[in-house]
Structure formats: structure tokens, C-alpha cells
Number of protein chains: 2
Amino acid sequence: MGTALAEMTMPQISPLAGEPIDRADAERLAGVLKALADPARLRLLSLIQSAPEGEACVCDLTAPLGLSQPTVSHHLRILTEAGLLEREKRGVWAFYRIVPAAIGTIADLLTPPRKRATKKSAR
Amino acid sequence: MGTALAEMTMPQISPLAGEPIDRADAERLAGVLKALADPARLRLLSLIQSAPEGEACVCDLTAPLGLSQPTVSHHLRILTEAGLLEREKRGVWAFYRIVPAAIGTIADLLTPPRKRATKKSAR
DNA sequence: CTGCGATATGCAGGCGGGTCGATGCTGTTG
DNA sequence: CAACAGCATCGACCCGCCTGCATATCGCAG
């Protein structure tokens, strides 16, 4: 498990597509969104993305966030399990990097006007 | 108040753009994402969007959701305050409709690769 | 005016989540 | 081998949120 994202990228569900999504899909999508819906975690993603090599270790993230090291590890764990981050341990350090297509996938799931096939008229 | 979305659409913040977002922007974006990060609310958006006229009243939503009427009203209130839904009262009924650009705005905020201007090199 | 149906609000219970301090584990350094 | 640094895990506290029940409010019908 982990990568909760992968479990719904294939079915290509979209809450705003055609018909209502079922409970299972709603809970999966909500799960990933829950991982994103936290100021600390959004800042973590932002910090990691804007880091020199696109990666950062925990010790570089605690200070700018103003949170304790266990708390930062906790958030990184949640983001990783959601499929938004990937972890690579080099020596004593654990480097986190953003999974390239992850956020984009979520953005796509929230973007309905992708297909003009469905009527929508002139509103 | 209401429309928490409007308060951050102008600054055009993006957690994955160039530099790290500050605490205020992170909290604003997290606030809107929190409104989305709930199975019941995702289903509500989906149900409303796929309704005949793109709108629905509370009485039509309680049954498919399997939640009590007060709970549904509660979720609709949260979605409305987040700027994702708009409410129109006609007679005894309250009709809810999706704010067209709302979800798209969030999707855009989560879509970084829009501008190649920022270096990114070959990683 | 009285009654009824549709919503919103108040209140309370219960669960999940964010945070920290303490601790354990692993790999590096001397 | 001993000491130390980086990180993950554990336990606990506290707050916020989802949910339902009861109640208030508004609009319409008779």
C-alpha cells in the first residue's frame, strides 16, 4: 500500500465529470485531498519543490516550518503514503522528493472541462 | 466573508510554483482544500453537478447521501463558505449550484508546470 | 390565523488528527 | 568500540470536526 493516489488514477474518477461518484471513490479522493489540506504539508511540498535539487532532508525542513522534528516526519509520512512524495535514504539523511505527476493527477481529477463532449450549453 | 476562494485567486499563489508559499497563503489554500477533503462533500458536489439543471435542493440530497438533513445542510454550508457552491432560495426550497470557476481555480493552483519560464533544468 | 413542510441553527457525543517530548534505531565519526 | 547525529516510532494531550437529535425560523396552503 502507500500511494493512495495510484489506486484511483486508473479508474479516472472525477467528482465533476458526468455522473455522481460512488462512496468508495469519494473516500479515496477525499483521502488524498486530506493529505493536501494542511498548511504545514502544503509548505513542506513547496519547500521541497523549491529546494536546490528538488529534494530536501528532514533537518532542512524543521527550521523553516517552525515545527518539531517528529511532527515534520509525521507530515512527510502522510504525504509519502498519499503518493505525493518519495523517500530516499542516503547515509544518515532521508531525502524527500515530489512525485512529478502526483499533484498534476489531482489537479486533473478536479478539472471537469477536459471533455467538451458532455453538453454544458452556454450556461 | 464566504468565498474563501476569492481571497487567494488574485495573488495567484501556487504551492508548486517557484518559491515557497508563506504561512498565510498556505492556510488559505488548506482551508479550501479542507472543504473538499470530505467524502460527503465530494459526493454533494458530484450530485449537484450531475443534477438535471445543475442545481439541487437539500431534500433531494439527503436520501442519496444517507445522511440526516441537518448534516447535509451543514456540509452545504461549508462548501458555500469555501466559495464552491452558491445558494439561491426559491420559495421553501434552497437550491445549490456549483460556482463554475471555483474548482477549476483550485486545480490551477495545484498545476505547476504551466509556465516553463522558471528554470527546472533536466533534473 | 393556524398548520405543515423545507431549512437552518444549537447542542452534545465521539472519533480522528496535529503537536510535542521521550525513546529506539541506524549509520557515521573519532 | 564508543560516542554522536539524523530520523522514525510511541504515547499522550488537546482541539477541531462529523454526525444526529431537538428546536427555531421561514414560506406556503387551507
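These figures come from a predicted structure and were not determined experimentally.
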Check your understanding: salt bridge (Lys or Arg N to Asp or Glu O under 4.0 Å): which pairs involve residues 32-47 of chain B, sequence neighbours left out?
Key -> none

Check your understanding: Taking for each residue the nucleotide of DNA chain D with the nearest heavy atom, is it Cys59(A) or Lys34(A) whose nucleotide lies nearer the 5' end?
Key -> Cys59(A)

Study note, to complete from the structure: Applied to residues 67-78 of chain A, the salt bridge (Lys or Arg N to Asp or Glu O under 4.0 Å) test, sequence neighbours excluded, yields Arg77(A)-Glu81(A)

Review point. Under the salt bridge (charged side-chain N to carboxylate O under 4.0 Å, His left out) test, which residues partner Arg23(B), sequence neighbours left out?
Key: none

Distance-only check: which donor-acceptor pairs under 3.5 Å involve side-chain atoms of residues 60-70 of chain B, not counting sequence neighbours?
{"from": "Ser68(B)", "atom 1": "OG", "to": "Thr71(B)", "atom 2": "N", "distance (Å)": "3.4"}
{"from": "Ser68(B)", "atom 1": "OG", "to": "Thr71(B)", "atom 2": "OG1", "distance (Å)": "2.9"}
{"from": "Gln69(B)", "atom 1": "NE2", "to": "Ser73(B)", "atom 2": "OG", "distance (Å)": "3.3"}

Exercise for review: Using atom CG of Leu79(B) as one end and atom C1' of dT7(C) as the other, report the distance to the nearest whole Å.
Suggested key: 16 Å

Check your understanding: Across the strands shown, which category fits Ile78(A) at heavy-atom distances under 4.0 angstrom: base, sugar-phosphate, nothing?
Key -> sugar-phosphate

**Study point:** Residue list, side-chain contact (heavy atoms from CB on, under 4.5 Å) with Arg97(B), at least two apart or on another chain
**Key:** Glu55(B), Glu86(B), Glu88(B)

Check your understanding: With clusters built from Ile, Leu, Val, Met, Phe, Trp and Tyr whose side-chain heavy atoms come within less than 4.5 Å, directly or transitively, what are the remaining members of the cluster of Trp93(A), listed by chain and number?
Key -> Phe95(A)

Point to revise | 4.5 Å side-chain heavy-atom contact, Ile78(A) and Leu84(A) | key: no

Practice item. For DNA chain D, note the earliest and the latest nucleotide, 5' to 3', having some atom under 4.0 Å of a heavy atom belonging to chain B. Key: dC18(D) to dC28(D)

Check your understanding: Hey, does the side chain of Arg77(B) come within less than 4.0 Å of dT9(C)'s phosphate (OP1/OP2), counting only N and O?
Key -> yes

Practice item. Encode nucleotides 19-30 of chain C as B, S and - characters from 5' to 3', where the letter depends on protein heavy atoms closer than 4.0 Å: B to the base, S only to sugar-phosphate, - to neither. Key: BBBB----SS--

Study note, to complete from the structure: Whole-Å distance, Leu33(A) CG to dG17(C) P, equals 14 Å

Exercise for review: Would you confirm whether Ser46(B), through its side chain, and Leu42(B), through its main-chain N or O, come within 3.5 Å as a donor-acceptor pair?
Suggested key: no

Review point. Just how far, in rounded Å, is P of dA8(C) from CG of Leu61(B)?
Key: 11 Å

Review point. Hey, is the side chain of Tyr96(B) poking within less than 4.0 Å of OP1 or OP2 on dA6(C), counting only N and O atoms?
Key: no

**Study point:** Value in whole Å for how far the C1' atom of dG18(C) lies from CG of Leu42(A)
**Key:** 14 Å

Check your understanding: What pairs with Ala51(A) under side-chain contact (heavy atoms from CB on, under 4.5 Å), at least two apart in sequence or on another chain?
Key -> Ala56(A)

